[in-house]
Amino acid sequence: MIVTTPIIHILDIDHIQLDVANIEESYEFYNRVFGFEIKEVGIRAFVRWMIIGVPSKLYLCMHEFSDGRGVENKGLEITHFGILVQDFDNVRSQLHQHNVKLFPDYEVQYRSSRSVYFLDPNGYKVEISEHVGGGIDA
Amino acid sequence: MPIHKRSFDAFSNAILFYEDFGEHKNNWTRSIHASLQDQNFDEVPFRVPQLLEPSVLDEVGRLNGLTAEDIETYSYQLKGPVATLKWLQDMRKWATPVQRLNLAACLSATCRYHTAHNILEEVDYKALYTDQKVAYHITKFIIDNRLDRTSLHQSDFCKLKTIIETERVGPDRILDVSAQAIVWAIKADVIEPSLLDWFVKAGNSAAEKLSHTKSGREMIALSSFYRAYAMLPAAERNISDTRRYMELAEQYADEAGPDASEMSLRDARKTVLESKLKEMLYVVEDPEQARQAGKELISLDPNWSISYHELADVEISDGNVEEALRLFQKALSVGLPRLAYSQYMIGACLQVLGRADEAIDAFMKTLDMDGSNISAGISGLRLAESHSTENISFFKSYVEKWNYDGLLSPENRSMLG
């Protein structure tokens, strides 16, 4: 008899952990553009951390490492994370109003969804998708 | 912003910036920096080095052109670790209860007791876990103690007893709490006898559970407990029992392994020696052994002024005022803390040695350092009246002001004749 270990059922994404060069700069960006609010702050071993969030949608945990700004990552890394927004059609102009540069500077058309990409103050690439999972399950 | 760069003095830099930099670095300055560098504010207990008296802020202020209030409120240009702490303090509306608790502990390490007290009051006690509640009461006790609110200790230790009785507290923490209860019951009579008995039993039971431990952290807790426990027979001048428990304290401090933090190991060994010095001086009345403990203390941490004071006390008790004078002069040269005390005791020793002019000069210097040192004012005035009339007005101006401000005790007035 083959015994299979049950899979772990995921409910949702919980949070994304980011190393940031300047915690105020990152908070200001995510607050100004997406309305993230400060949820918790603290320190550990001189390192400042801050959790910001849009309640029940997405939380970002940021740890500050000022020496890391501009240092190239030579190993494996998560290259970007994706978010969904209420009004995808207007997101490009809204990003433009917030002086956020697209990267690449055009809207990308995938098989069943569109996406725009931008870089946050730390150079992290963030994708805004038109549909959940890029419409892949549709 | 009165100062914008580090002080030349390591003790000042530890208080002002939580840095270990400058002249006369010592274990305390190292520990202040390490406590913040190595520890996570999400965990308890937050280990702090020896907690000094609030007047340390006045001393550091005088040396650096600041007031104690400037230091307590960070009214100087901040950088490095202290800027990170100040950030947390300013942002504490969003800080978790344990972050606030550890912030209060960390601020008390640099004698910012008023701020620490205010922050501790903001901690949501009901949101704390058991070990955090223990840390809360210990931190509150320490802060109240340094702010002379000793009448509150009984209540905190009652609450600690209830937590230990009703929740799960590790034996090492029970030892830490019991040690504090014993020390303050003996030192200041602020814990009622029945509560003291309870902590003695709880401590002994926890010590038995850990008697074969190999954990460095637990060994340090055992050392701390037995050092405190030895104070009970010491108070009754029971030499053999005092020595028995002090030997256990020494053994656990010496054998504690590297899994304990370097700061805890250093402090455990140092505090055992400090207790041994007092044991030999006041219980055994053996100045030679007290002297050896004092010398060992100094060799462990040669830039710590308080160790010179302690050895000087031994020399005074043994009638060696010349040697005590040399030690107080050495304490003065290594600097803070208790700089004005070093200077005053130089004057007191010179007076005993009959070197009146030098003693008067030392008392004048003491008052230049600390205009509230009544002992220096009275001793200086009496000496000036008999040896150096041109300095009478200097001392008189201080004494008259203290009298006007109602600061002189009946004993002070009787000394003035």
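A, B, ... follow the sequence lines: proteins, then strands. Residue 1 opens every chain.
Counting only heavy atoms from C-beta outward, the side chains of Leu36(B) and Ile43(A) approach each other to under 4.5 Å.
With a 4.5 Å cut-off on non-hydrogen atoms, Leu88(B) touches chain A through its side chain but not through its backbone.
Distance CD1/Ile23(A) to CE/Met91(B): 8.0 Å, rounded to 0.5 Å.
Under the side chain to side chain contact (heavy atoms under 4.5 Å, CB included) criterion, Leu84(A) pairs with Ser129(A), Val132(A), not counting sequence neighbours. For Glu77(A), the side chain to side chain contact (heavy atoms under 4.5 Å, CB included) test picks out Asn73(A), Thr79(A), with sequence neighbours left out.
The interface of residues 87-102 of chain A with chain B, defined by heavy-atom distances below 4.5 Å, is empty.
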Inter-chain polar pairs, chain A versus chain B: which donor-acceptor atoms lie under 3.5 Å apart?
from: Glu24(A); atom 1: OE2; to: Trp87(B); atom 2: NE1; distance (Å): 3.1
from: Ile38(A); atom 1: O; to: Trp94(B); atom 2: NE1; distance (Å): 3.3
from: Val41(A); atom 1: N; to: Trp94(B); atom 2: O; distance (Å): 3.1
from: Ile43(A); atom 1: N; to: Gln99(B); atom 2: OE1; distance (Å): 2.9
from: Ile43(A); atom 1: O; to: Phe41(B); atom 2: N; distance (Å): 3.4
from: Ile43(A); atom 1: O; to: Gln99(B); atom 2: NE2; distance (Å): 3.3
from: Arg44(A); atom 1: NE; to: Asn40(B); atom 2: OD1; distance (Å): 3.4
from: Arg44(A); atom 1: NH2; to: Asp42(B); atom 2: OD2; distance (Å): 2.5
from: Ala45(A); atom 1: N; to: Gln39(B); atom 2: O; distance (Å): 3.0

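The environment of Lys125(A) atom NZ is dense: over 12 non-hydrogen atoms of other residues, nucleotides or ligands sit within 6.0 angstrom.
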